[in-house]
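First the proteins, then the strands, lettered A, B, ... as listed; each starts at 1.
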Amino acid sequence: MFQEKYHQIERVLRACTGEEDVLLTTGGDHADLASTIAFKLAKKQKRPPHQIASDIAGKLSRNPELGDLQIEAVGPYVNFRFGPSLLAEAVREALEPGYGKLPAHSERVVLEHTSANPNGPLHVGHIRNTVIGDSLARAFRKAGYPLEVQYYLNDMGRQVATVAWGLDHLGIAREEGEKEDHYVARVYVAANREIQENPGITEEIDHLMQEMERGDPETAGKFRAVVSLCVEGIKATLAALNASHDRFVWESDFVRIGDVDRVIERVRRLPQTHEDETLWVDLSEQGFEKKYILRRSDGTSVYSTRDLAYHTWKGRNYDRLIDVLGADHKLIGAQLQATLKLLGEQPPEIVYFEFVSLPEGSMSTRAGKFVSADDLIEEVTAKAFEEVTIRRPELPEEERRAIAKSVAIAAIRYDIVKVSPEKSTVFDWKEALNFERQSGPYIQYAHARACSILEKAGEFEQAYRYETEHEVALARHLARFPVVVEQTVKELRPHHLASYARELADLFNAFYHYNPVLKSEGETRSSRLTLVDAVRNTLKESLETLGIDALRSM
RNA sequence: GGGCCUGUGGCUUAGCCAGGAUAUAGCGCCGGGCUUCUAACCCGGACGUCGAGGGUUCAAAUCCCUCCAGGCCCGCCA
């Protein structure tokens, strides 16, 4: 409804003013939509803007095509407000299962996110990638795109080689009940400490990497064992976070099947490519002063080479490539894009997010200095369980545990997704454990409330008469959900969804306190119940797009 | 030194790309509200030179320039 109305008003304003850009925006508190076109025309017509606005409003008010729209000039602004029948239509649409779904696109999208090195558990920095990536993935599916989500597994890097070496030489046993990825991290930290004391080990690790690249079966087996072990743990964490990947792509496969050799051959034919002891691309014309090295002097490939092969493969199998990467990848990401362009391949769109640090400084897996996602989930779940137990002591423990789990993931995911990706953040336990307003559980609570009202109401006739300011504000807000989904995929910024869901919960809570539902009567009761149902559905759809469980009771 | 990002009340944050109507919200603070649909809630109040300066414009948190502060990057690591 909202989009149709937007485009219709835009069309009519164009016809009325003769201007191409009619400066139509959302009007905030003042209106559903508003135009500042009068300012622009004031200059051309040499008349005061409020007169022009008033003229336009007068003309449009007599236009029957616009239907149930209140049009008013307020000073220099032309304001449009949805009338009762449009609000009814908005609520009717919001009741539909899957509300917010946009018309299907045929463009096949591949979205890569998380892709953390398999040398330890995901930490609170990695899961910013996971939460942004998974929320975007859900938004893309909601926006009607066929989508595949991938995790690129760096299974032949120095980190993995270091762990493989550590397992062979340090005799560290896995502890009882220790999660795979945490065990791998322990070996990794110990191996790094060993290297510090005895730098000669670096040569042994270099040798392992060369053997791996050569395809030596014994070495490959060792690497695969390390990575498989670690990935088991990582997958469990991702599942706990409600994040999923359709495919894990192993970096070494591109070496094994010859794609890396093929891409090197193609790069070699570029005029920008130089070969001395290494093979490198001169990207200075593209604005990069650093050499983009693709083959070491010992003949082995580097991460960038394999990444080039991976993206070439993606470009051939999908129409649109999206990567979610930490801000530390900005340079290498831009070099990758530039080189793919030189090769005539499709470069990825890259969503960068800035760093998450700890109050005491940057995180480091190597130094064992990080807060793991598993510890975070455990702490937040424990706090959530306490809360549920205080509020709902009568519920069986099993049910309280299930609620606590969902509440914890809601708190964690929302806390991360609500902040714009370009903002660097400092991880804060107090914020993570806060379940009040502007949190995931706050929104879940609004949803549970709506469910509870509907359950008590039983059967009711649908009706659509909205008069109080709270009813009208809710109906207006419901209409915007599909626009927010559209905006999220257009800008690749999932935090819009987070703001939207919170605003909807805010409006619903205010409505709840001022407009009794079950105690009202007749058409008012039916209309309010219908509205509550529409809010419930829209909250559910927006929560699920954020990867948060829409609990019916909490 | 160079590149990218950020700077909005004590703290966190939306708005900035597509300039317009009293700058969004939370935490914290002060005050009020649970025999009434779940108080993980609601209402009221105090708190802002939108980092600083200049420019463009009828109009700047938003665009441009300079400066300051913080983060990230500048490896034959990934």
Side-chain angles (χ1 to χ4, degrees), chain A residues 21 23 25 27-31 34-36 38-40 42-43 48-49 74-77 79 115-117 119 154 156-160 206 251 277-280 287-291 293-304 306-307 326-332 334 352-355 357 362 384 387-388 390-392 407 411 418-426 428 430-431 434-446 448-457 491 495-496 498-499 502-503 505-506 509-510 512-520 528-529 532 553-554:
Chain A
D21 184 2
L23 307 169
T25 57
D29 286 339
H30 311 280
S35 169
T36 55
F39 286 111
K40 197 166 152 193
K43 210 166 208 175
V74 178
Y77 304 95
N79 290 347
S115 300
N117 285 325
N119 62 334
N154 305 133
M156 52 188 304
R158 184 166 293 276
Q159 283 90 336
V160 175
D206 285 344
E251 180 184 19
E277 53 294 3
T278 63
L279 181 134
W280 57 280
F288 303 96
E289 42 180 280
K290 292 284 165 182
K291 291 178 175 182
I293 292 175
L294 293 175
R295 201 186 58 215
R296 294 190 183 97
S297 51
D298 68 4
T300 58
S301 62
V302 291
Y303 165 83
S304 303
R306 277 106 60 177
D307 210 20
D328 53 337
H329 287 70
K330 278 186 182 179
L331 176 60
I332 198 150
Y352 294 106
F353 63 93
E354 291 288 330
F355 259 51
S357 55
S362 310
E387 291 284 327
V388 183
I390 291 167
R391 291 159 207 278
R392 304 294 298 279
V407 165
K418 72 180 179 188
V419 181
S420 327
E422 67 274 13
K423 222 110 166 175
S424 43
T425 61
V426 177
D428 180 354
K430 188 174 152 283
E431 274 301 307
N434 170 28
F435 303 153
E436 295 180 326
R437 283 186 78 170
Q438 216 161 80
S439 77
Y442 168 80
I443 302 164
Q444 286 180 307
Y445 187 70
R449 231 177 199 173
C451 289
S452 168
I453 293 172
L454 291 164
E455 197 169 312
K456 293 206 163 90
E491 297 179 15
H495 79 286
H496 291 306
S499 303
R502 197 213 76 231
E503 284 159 8
D506 284 346
N509 282 330
Y512 171 88
H513 281 272
Y514 288 102
N515 299 333
V517 178
L518 297 177
K519 282 183 186 138
S520 59
R528 286 185 182 167
L529 280 168
V532 170
S553 161
M554 62 187 281

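Nucleic acid contact for A/Tyr514: sugar-phosphate only, since backbone atoms but no base atoms lie under 4.0 Å from a heavy atom of the residue. Nucleic acid contact for A/Phe39: base, since at least one base atom lies under 4.0 Å from a heavy atom of the residue. If you check every strand for non-hydrogen atoms under 4.0 Å, A/Ser553 touches a base. As judged by a 4.0 angstrom heavy-atom cut-off over every strand, A/Arg528 is placed among residues making no nucleic acid contact. Residue contacts shown for A/Gly157 are limited to sugar-phosphate atoms, with no base heavy atom under 4.0 Å away. As judged by a 4.0 angstrom heavy-atom cut-off over every strand, A/Lys430 is placed among residues touching the sugar-phosphate backbone only. Within 4.0 Å of A/Asp206, counting heavy atoms only, lies no atom of the nucleic acid at all. Nucleic acid contact class of A/Ala334 (heavy atoms, under 4.0 Å, all strands): none. A/Val302 comes within 4.0 angstrom of the backbone, heavy atoms only, and of no base. Residue contacts for A/Glu491: at a heavy-atom cut-off of 4.0 Å it reaches a base atom on one of the strands shown. A/Val407 comes within 4.0 angstrom of a nucleotide base, judged by non-hydrogen atoms across all strands. As judged by a 4.0 angstrom heavy-atom cut-off over every strand, A/Asn515 is placed among the base-contacting residues. As judged by a 4.0 angstrom heavy-atom cut-off over every strand, A/Ala34 is placed among the base-contacting residues. As judged by a 4.0 angstrom heavy-atom cut-off over every strand, A/Glu431 is placed among residues making no nucleic acid contact.
With 3.5 Å as the limit, one finds a donor-acceptor pair spanning the side chains of A/Asn509 and A/Arg449.
A distance of about 8 Å separates the P atoms of B/rG9 and B/rG51, rounded to the whole Å. For the C1' atom pair drawn from B/rG7 and B/rU49, the interatomic distance equals 15 Å after rounding to whole Å.
Remark: B/rA21 base-pairs with no nucleotide in the shown strands. Criterion, Watson-Crick or G-U wobble with two distances under 3.5 Å. Under the Watson-Crick and G-U wobble criteria, each requiring two contacts below 3.5 Å, nucleotide B/rC29 is paired to B/rG45. Base pairing of B/rU13: no nucleotide in any strand meets the Watson-Crick or G-U wobble criterion (both distances under 3.5 Å). Summarising the base pairing, B/rU66 is matched to B/rA52 through a Watson-Crick or G-U wobble pair whose two defining distances lie under 3.5 Å.
Evaluation of atom-type donor-acceptor distances gives a pair under 3.5 Å for the side chain of A/Asn79 against the base of B/rA21. Put simply, the side chain of A/Ser297 and the base of B/rC76 share a donor and an acceptor less than 3.5 Å apart.
Rounded to an integer number of Å, the gap from NZ of A/Lys290 to P of B/rG3 is 14 Å. Going from atom NZ of A/Lys418 over to atom C1' of B/rC11 covers 12 Å, rounded to whole Å. Distance A/Arg158 CZ to B/rC77 C1': 7 Å, rounded to the nearest Å. Between A/Glu387 atom CD and B/rA39 atom P there is a gap of 15 Å when expressed in whole angstrom units. Taking atom NZ of residue A/Lys423 and atom C1' of nucleotide B/rG7, one finds them 8 Å apart after rounding to whole Å. Atom CD1 of A/Ile293 and atom P of B/rC76 are 4 Å apart (whole Å). Here B/rA23 presents its C1' atom at 11 Å from NE2 of A/His30, a figure rounded to the nearest Å.
The listed nucleotides are B/rA39, B/rC43, B/rC27; the one nearest the side chain of A/Glu436 is B/rC27. Comparing B/rG75, B/rG15, B/rU6 against the side chain of A/Ser420 picks out B/rG15 as the nearest. Counting only heavy atoms from C-beta on, A/Ser424 has its side chain closest to B/rG71 among B/rA78, B/rC4, B/rG71. Distances from the side chain of A/His496 to the nucleotides B/rC37, B/rG15, B/rC41 place B/rG15 closest. Of all nucleotides listed (B/rU6, B/rC37, B/rA25), B/rA25 comes nearest to the side chain of A/Arg502. For A/Arg437, counting side-chain heavy atoms from C-beta on, the closest listed nucleotide (B/rA14, B/rC74, B/rA25) is B/rA25.
When the nearest nucleotides of RNA chain B are assigned to A/Glu354 and A/Asn434 by heavy-atom distance, the more 5′-ward of the two goes with A/Glu354. Each of A/His495 and A/Phe435 lies near RNA chain B, and the nucleotide nearest A/His495 is the one positioned closer to the 5' end.
Close to B/rC77, at under 4.0 Å from its OP1 or OP2, lies a side-chain N or O of A/Arg296. The shortest distance between the side-chain N/O atoms of A/Ser362 and the OP1/OP2 oxygens of B/rC72 is below 4.0 Å. OP1 and OP2 of B/rG3 both lie 4.0 Å or more from every side-chain N or O belonging to A/Tyr352.
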